[in-house]
Amino acid sequence: IILFVLVFAMNSGIETPNFKIVKKYKNFELRDYGSIVVATTSLERNYSRSNSVGFQKVASYIFGGNDKNMKIAMTAPVMTSFYSSDDKEQEVSFVMPRKHSLKTLPVSLREDVVIKEKELGLVAAISFGGWATEVRTKKYIKKLDLLIEKESLIKLNEIIVAQYNSPWAIPPFRKNEILIPIKR
C-alpha cells in the first residue's frame, strides 16, 4: 500500500479517461465519456470506510493480485459510485488503462473485485478542490443537482465522486469532481 501511495503521489502523467465536452455551462460541464473498463468492488454504504477499504481491495488487483500476477498501471480518478436512493451499497472503482480490454485483463484473485465495462456516457461534471469528505461531497452534489435542474436536464440515479490525487497532495492542489449521469 505504501508503494501504491507513493506512485499515486507522483500523478503527473497518470492516465485519465477520455471524454468529449458536449457543452460548457457557467459552473459545470456536460461530458460524454462513452464506456470505460473498471476494476470495482461493492461495499456497505459508509463513505469514509468504503473509500479506504474499497481502495485497498482494488489496489491489490492492480499490484498483481490477479491470475496472471500482472502489475497494472495506476490511473486517475478513483471513483466512488452510489445511488441517490438510500440503498446500502456503493462501488469503489479504478479505471483500467486504455491499452487493456476485458479480454486482456487478468481475473482478480479476490471474489469481491470485479472487472467490467461501465457505460458512463453523458454526465454533468462539477470540480472542486480540497478533501473530498462526505460533508464536502454532499455540498457539491447538491450544487450540481440545482444546476442540472436549472438547465432542465434529466439526471439518472447514479452519483460518482471522482478523486484524482494521492492522500499526500495538500488541499489547495487537490482535484475532485462530482459526476452525475444525464439522460440523453
Side-chain angles (χ1 to χ4, degrees), residues 1 3-22 28-43 47 50-68 70-83 89-110 112-129 132 137 140-141 144 156-169 173-182:
I1 297 297
L3 177 61
F4 177 77
V5 170
L6 291 174
V7 170
F8 200 61
M10 298 179 197
N11 69 352
S12 60
I14 286 184
E15 185 178 316
T16 59
N18 288 333
F19 61 85
K20 176 184 169 199
I21 297 176
V22 175
F28 75 104
E29 293 179 342
L30 199 57
R31 302 175 183 166
D32 190 349
Y33 281 90
S35 61
I36 57 176
V37 177
V38 295
T40 190
T41 190
S42 294
L43 296 108
Y47 184 79
S50 292
N51 278 328
S52 175
V53 173
F55 183 90
Q56 291 172 11
K57 287 180 180 185
V58 182
S60 71
Y61 171 76
I62 70 168
F63 285 138
N66 54 66
D67 67 345
K68 296 180 182 173
M70 184 168 100
K71 308 273 189 279
I72 299 168
M74 183 64 210
T75 63
V78 174
M79 298 188 306
T80 304
S81 279
F82 52 93
Y83 295 87
E89 286 194 344
Q90 61 188 39
E91 291 183 337
V92 177
S93 305
F94 287 1
V95 178
M96 295 293 97
R98 285 184 286 280
K99 73 177 186 176
H100 295 292
S101 69
L102 284 176
K103 291 179 183 178
T104 63
L105 286 165
V107 174
S108 176
L109 295 178
R110 297 184 63 106
D112 56 355
V113 174
V114 177
I115 313 310
K116 67 181 184 179
E117 191 164 345
K118 179 177 179 74
E119 180 63 35
L120 257 183
L122 190 64
V123 301
I126 190 169
S127 297
F128 63 101
T137 58
Y140 283 95
I141 289 167
L144 185 54
L156 301 177
N157 195 25
E158 186 176 14
I159 298 167
I160 301 165
V161 180
Q163 298 180 67
Y164 288 83
N165 306 98
S166 80
W168 306 116
F173 301 104
R174 298 186 70 77
K175 177 185 174 185
N176 310 291
E177 294 178 326
I178 302 298
L179 307 175
I180 298 179
I182 300 295

Run the side chain to side chain contact (heavy atoms under 4.5 Å, CB included) check on Arg110 and Thr41 step by step: do they pass?
CA-CA 10 Å; Arg110 297 184 63 106; Thr41 190; over 6 Å; no

Do Leu109 and Ser60 have side-chain heavy atoms sitting under 4.5 Å apart?
no

Please report the closest heavy-atom contact between Tyr140 and Ile126, naming both atoms and the distance.
O-CG2, 4.1 Å

Once rounded to the nearest 0.5 Å, what's the spacing between atom CG of Asn157 and atom OH of Tyr83?
7.5 Å

For Arg98 and Thr16 the tightest heavy-atom approach is NH1-O, 2.6 Å

Side chain to side chain contact (heavy atoms under 4.5 Å, CB included) between Lys57 and Val92, intermediate numbers included
CA-CA 9 Å; Lys57 287 180 180 185; Val92 177; over 6 Å; no

Is a side-chain donor or acceptor of Arg174 paired with a backbone partner of Ser166 at a separation under 3.5 angstrom?
yes

Between Ile159 and Ile178 the two heavy atoms that sit nearest each other are CG2-CG2, 4.3 Å

Ile160 CD1 to Leu120 CG distance, which is reported to the nearest 0.5 Å
4.5 Å

Please report the shortest heavy-atom distance between Pro17 and Val95, naming the atom on each side.
CG-CG2, 4.0 Å

Value for CD (Glu29) from CD1 (Ile21), rounded to nearest 0.5 Å, stands at 4.0 Å

Is there a side-chain contact between Val37 and His100, using heavy atoms and a 4.5 Å cut-off?
no

Should the ring pair Phe55 and Phe94 be called parallel, tilted or perpendicular, given that the plane angle runs from 0 to 90° and is split at 30 and 60?
perpendicular

pair Asn165-Phe173: side-chain heavy atoms closer than 4.5 Å
no

State whether a side-chain donor-acceptor pair under 3.5 Å links Tyr164 with Glu177.
yes

Heavy-atom nearest pair, Met96 first then Ile72, reads SD-CG2, 4.2 Å

Please find the pair of heavy atoms, one from Val161 and one from Ala132, that lie closest to each other, and give the distance.
CG1-CB, 4.3 Å

Of Ser93, Ser81, Ser35, which meets side chain to side chain contact (heavy atoms under 4.5 Å, CB included) against Lys118?
Ser81

Distance from Asn18 atom CG to Asp32 atom CG, nearest 0.5 Å?
11.5 Å

Could you list the residues that satisfy ring pair (Phe, Tyr, Trp, His ring centres under 6.0 Å) with Tyr61, not counting sequence neighbours?
none

Glu91 side chain near Val38 side chain, heavy-atom distance below 4.5 Å:
no

Out of curiosity, Leu122 CG to Arg31 CZ, how far, rounded to the nearest 0.5 Å?
11.5 Å

Roughly how far apart are Ile62 CD1 and Lys71 NZ, rounded to 0.5 Å?
10.5 Å

Does the pair Leu179 and Tyr33 meet the rule for a side chain to side chain contact (heavy atoms under 4.5 Å, CB included), with working shown?
CA-CA 11 Å; Leu179 307 175; Tyr33 281 90; 4.2 Å; yes

